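All remarks here apply to the structure that follows.
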Amino acid sequence: MDQLDYLEAKSIHILREAYREFKNLCMLWSIGKDSTVMLWLARKAFFGHAPFPLVHIDTNYKIPAMIDYRDRMAREWKLNMVYGQNTEALKNKMTFPDGAIDRIACCKALKSEALKHTLSGEWTRWRMNHETGEYEEDSNKEPYTGVIVGARADEEGSRSKERYFSPRDKQSDWDVDDQPPELWSYYKTDFAPGTHVRIHPLLDWTELNLWEYIQREQVPIIDLYFDQGEGTRYRSLGCLPCTLGVQSTAKNVDEIVEELRSGKFSNVAERSGRAQDAADGNSLETLRRDGYM
Amino acid sequence: MTEMATRKSEERMNLVIVGHVDHGKSTVIGRLLADTGSLPEGKLDQVKAMCERNSRPFEYAFLLDALKNEQSQGITIDTARCFFKTEKRHYIINDAPGHIEFLKNMITGAARAEAALLVIDAEEGIQENSKRHGYMISMLGLKQIAVLVNKMDLVKYEQTVFEKIVKEYSEFLGHLGVHPTAFVPVAAREGDNIASSSLRMPWYEGLTVLGQVDSFTRPEGNLDQPFRLPVQDIYKFTAQGDDRRIVSGTVETGTAKVGDHVIFYPSGKETIIDSVERFNAPETTEVHADEAVGITMSTEIYIKPGELMCRADELKPNVGRRFRANVFWMGRAPMIAGKQYKLKIGATKVATELAAVESVLDASELESNHNKQLLDRHDVGEILLETHRPIAFDRRNDIEPTGRFVIVDDFEIAGAGVILERVTETDSIFDRQIKQREFSWEAGEVSPADREQRFNHKGKFIIVAGEPGSGRRNLAKKVEKHLFDQGFNTYYFGITNQFGDLDQHGTIGTIQRDRQIEILGELARIMTDAGLLFITTLTDIDEFDLNKLRKLNEPNEVFIVSLGDPALGSSAIDVQIETDPETDAAVRKVVDELTSQQVFMDFSI
């Protein structure tokens with residue numbers, strides 16, 4: 001087995017463990033490469049099926065191609081596709097693009113808050129009806145007690161402290177300083193009522209591993225990651241106003257792999273194009289303690 | 001694909017670094033990062049300049065502070081990771097906190113590692129945590145260990161100091177069966193023997209720390225050991241016309257292939273591997289250690305998640321309810337006798353109790369205390385555990401991955417351990433409890449014989465076992481009605497009134513259900529003692545459940561009517577109903593058997 005085989009096997013084991021242990025399980029799908037690989041791994045783990053809802057938090061400011069891609073894949077793979085949104089903040093124009101609040105506060109409102117209340121079932125969930133191809137209000141309002149997330153330890157400092165199975169309390173807070181032990185293949189799958197567990201099958205993967213895997217498996221990835229001839233591409237996807245492309249002429253997966261291995265990005269952090277990280281030295285840990293993914 | 005696309009992914013190795021507080025772990029890591037050029041550009045100069053501004057001497061440990069931004073109390077709170085790279089491979093160092101309060105974090109870090117660096121201060125020598133960490137590392141099963149005797153500059157690079165520590169610590173680890181790969185004398189602050197050989201210690205001829213980690217090998221899957229596949233789940237996804245029934249899990253050790261004769265433990269069910277299922281991968285007929293696999297079987301056998309799949313031609317696992325183990329305890333509340341815990345081993349979960357503490361090890365002195373009867377937080381003990389139903393396992397010395405477990409207390413993983421051996425189950429906690437109950441049972445002035453005289457029959461616990469839809473409930477009710485009309489004292493107990501899990505498919509072996517069985521058994525003991533013909537229905541009842549009910553119902557007896565419950569072995573059945581259970585003939589068959597077993601007084605029929 002090579003490095004990718006080990007990573008794949010471990011991720012599959014974690015996904016199967018999650019599927020067995022959590023009755024109300026969902027997977028967060030951000031449409032980006034990480035969670036798309038994670039979705040692919042789920043189809044590996046469950047032999048072509050993705051037997052739980054895929055939840056997307058739609059900030060309404062996502063790069064439009066992301067929504068098209070999401071719905072196309074949902075139809076093709078017959079996904080149980082669900083999305084949630086902070087409709088209040090959008091309606092009242094309490095967002096950064098509207099000039100009302102700063103970037104961090106915007107992330108908190110459109111992502112963290114929307115996520116928290118979508119997971120808990122307090123806010124409306126929209127679910128794809130495969131017969132009509134349209135989204136409808138989801139009648140299932142039960143809170144998700146297990147949430148599969150594509151966080152990686154190498155992304156930045158706070159994620160390196162994560163567990164594969166990471167408990168969140170009733171307020172979705174993460175107690176970084178008092179985490180459960182994790183050893184061998186035994187994880188925290190027992191939880192008190194009202195709490196939930198985040199599950200991280202990609203914790204050990206690096207950005208390069210992901211692209212190598214996409215290359216090996218030919219995972220269909222959204223083409224925003226590739227240069228379309230303008231000399232720029234996205235390295236990390238997010239909201240249009242806060243996500244910058246990078247200067248790169250990588251036009252396909254092979255070229256991205258090479259760029260990460262030995263090319264211009266072999267020593268540059270992946271999230272360098274995310275403006276909210278720069279806004280506050282510790283922002284991602286602050287956001288994560290607060291429920292951000 | 002291009003040529004570069006086919007290149008193998010770069011090799012990566014997880015290291016854990018442990019040691020007593022202030023023995024210099026952070027300095028070692030800072031040095032490793034700096035000397036391998038793994039620091040972000042300008043970081044070293046930045047930290048040096050900061051030290052100069054604050055007029056404090058530069059320390060490599062400050063680099064980590066600057067990198068991790070998490071050292072609020074001057075101690076590493078959690079396992080955090082640092083990355084460095086040599087020509088051979090990429091490394092991830094899990095920096096495990098030395099402080100005892102964070103033992104569970106240290107364990108988490110060490111459990112993810114493939115090799116360990118253990119740091120000991122040359123001047124302070126072996127301290128409590130040097131020993132405790134050595135013990136944890138041995139229990140976790142790490143085989144590749146380099147002991148770094150640090151701060152050699154403080155002892156003037158004296159060979160005798162180094163050798164004294166080597167001797168003492170080797171002896172300590174030797175008791176645990178651990179043999180370090182190497183001892184390296186280093187002065188991390190000065191860089192001696194970290195990346196390049198020290199000129200100040202010409203007497204040391206071994207590898208540098210970097211040379212040592214590069215000489216570690218990635219542990220390969222245990223292909224040569226017997227095949228062990230803990231069954232994580234059994235899938236039957238019906239979506240899009242998929243009718244495969246796939247047994248899935250991660251292979252711990254060994255190999256198996258299509259056509260192999262396999263046995264599931266503890267049920268003992270046997271079958272043949274029919275196919276290996278994969279998604280978006282070339283077809284294969286074999287599975288190997290470390291792979292997350294899916295397998296279909298040539299026959300439809302009744303097995304459940306949590307069982308251990310083994311090959312019939314290889315070493316059999318142990319099956320039992322009692323074993324001796326080494327356990328370390330991390331829970332805030334101590335581990336005590338008389339309390340029910342959850343044991344997770346392989347893919348199974350089962351209720352467990354502490355049967356006895358044989359000794360508690362004082363990790364600092366490595367002396368055993370034989371008087372203690374509980375495990376406090378951070379204790380390491382040799383204990384006897386008893387589970388509420390049989391489990392399959394191996395001795396840790398035979399097959400490591402299937403010989404280790406964790407103990408859950410109140411939602412948290414509170415203990416972890418390795419199995420030393422199976423112990424026979426005579427005088428189990430369960431047996432003792434029943435003996436105790438019978439010994440102190442307070443009876444009234446009416447004896448069972450008096451009741452028999454009056455009622456014209458014995459008390460009996462009648463179980464009608466069958467799958468949902470088999471007609472089990474209707475048969476049970478008809479038997480009740482028939483017996484009642486004959487003038488007997490009988491009661492049909494609708495099982496779902498109290499215990500939903502006992503009449504449902506797929507709940508067998510769960511802790512909740514095991515608990516329900518126990519309560520039902522106690523209830524039956526009272527009802528049969530009252531002289532009743534106590535009738536109920538069960539689904540998915542196996543031999544073990546049945547024995548438990550029999551014991552709990554003692555001194556009265558259980559009578560089994562089976563409608564073909566697949567979990568039930570044939571030996572235990574009193575009446576097998578093969579015809580339509582909702583006919584009078586079926587009722588007649590049950591009553592005839594009760595008659596022939598002399599449940600009724602002769603004249604009453």
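Residue numbering restarts at 1 for every chain, and letters A, B, ... go by the order of the sequence lines. This structure is a prediction, so every number in the text was calculated from the model and none was measured.
- At a 4.5 Å heavy-atom cutoff, B/Ala113 makes no contact with chain A through either its backbone or its side chain.
- Using a 4.5 Å cut-off between heavy atoms, A/Lys10 does not touch chain B at all.
- Only the side chain of B/Val408 has a heavy atom closer than 4.5 Å to any heavy atom of chain A.
- Of the two parts of B/Ile413, the backbone and the side chain both hold a non-hydrogen atom closer than 4.5 Å to a non-hydrogen atom of chain A.
- For the atom pair CD1 of A/Ile214 and CG of A/Asp34, the computed distance is 8.0 Å after rounding to the nearest 0.5 Å.
- Using a 4.5 Å cut-off between heavy atoms, A/Leu7 touches chain B through its side chain atoms alone.
- Interface remark: A/Phe191 contributes backbone atoms only to the contact with chain B (heavy atom separation under 4.5 Å).
- Both the backbone and the side chain of A/Glu17 come within contact range of chain B, judged by heavy atoms closer than 4.5 Å.
- Contact annotation for B/Asp242: only side-chain heavy atoms (C-beta onward) come within less than 4.5 Å of a heavy atom of chain A.
- In this pair, A/Trp184 and A/Tyr186 present their aromatic rings perpendicular. The plane angle is above 60°, beyond the 30 to 60° band.
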message: salt bridge (charged side-chain N to carboxylate O under 4.0 Å, His left out), that's the test. Do A/Arg216 and A/Glu212 meet it? Break it down for me.
response: CA-CA 6 Å; A/Arg216 183 180 95 175; A/Glu212 287 170 335; over 6 Å; no
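- The aromatic rings of A/Tyr164 and A/Tyr187 stand perpendicular to each other, their planes meeting at an angle above 60°, with 30° marking the opposite boundary.
- Residue A/Thr189 touches chain B through both its backbone and its side chain, counting heavy-atom pairs closer than 4.5 Å.
- With a threshold of 4.5 angstrom between heavy atoms, A/His13 approaches chain B through its backbone and through its side chain.
- Atoms CD1 and NE2, on A/Ile148 and A/His200 in that order, are 10.5 Å from each other to the nearest 0.5 Å.
- Using cut-offs of 30° and 60° on the angle between ring planes, the pair A/Tyr19 and B/Tyr235 is tilted.
- For B/Ala347, the parts sitting under 4.5 Å from any heavy atom of chain A are the backbone and the side chain alike.
- For chain B, the option among A/Pro181, A/Ala192, A/Pro51 with the highest count of heavy-atom pairs below 4.5 Å is A/Pro181.
- A cation-pi arrangement, defined by a distance under 6.0 Å to the six-membered ring centre and an angle within 45 degrees of its axis, is present between B/Arg218 and A/Tyr6.
- With chain A as partner, the option from B/Lys342, B/Met330, B/His288, B/Glu252 having the largest number of non-hydrogen pairs under 4.5 angstrom is B/Lys342.
- A/Glu217 and B/Asn280 are linked by a side-chain donor-acceptor pair at a separation below 3.5 angstrom, with hydrogens and angles left out of the test.
- Remark: A/Arg43 qualifies as a cation-pi partner of A/Trp77 under the 6.0 Å distance and 45° angle criteria applied to the six-membered ring.
- Contacts of A/Tyr213 with chain B are absent, with no heavy-atom separation under 4.5 Å from either backbone or side chain.
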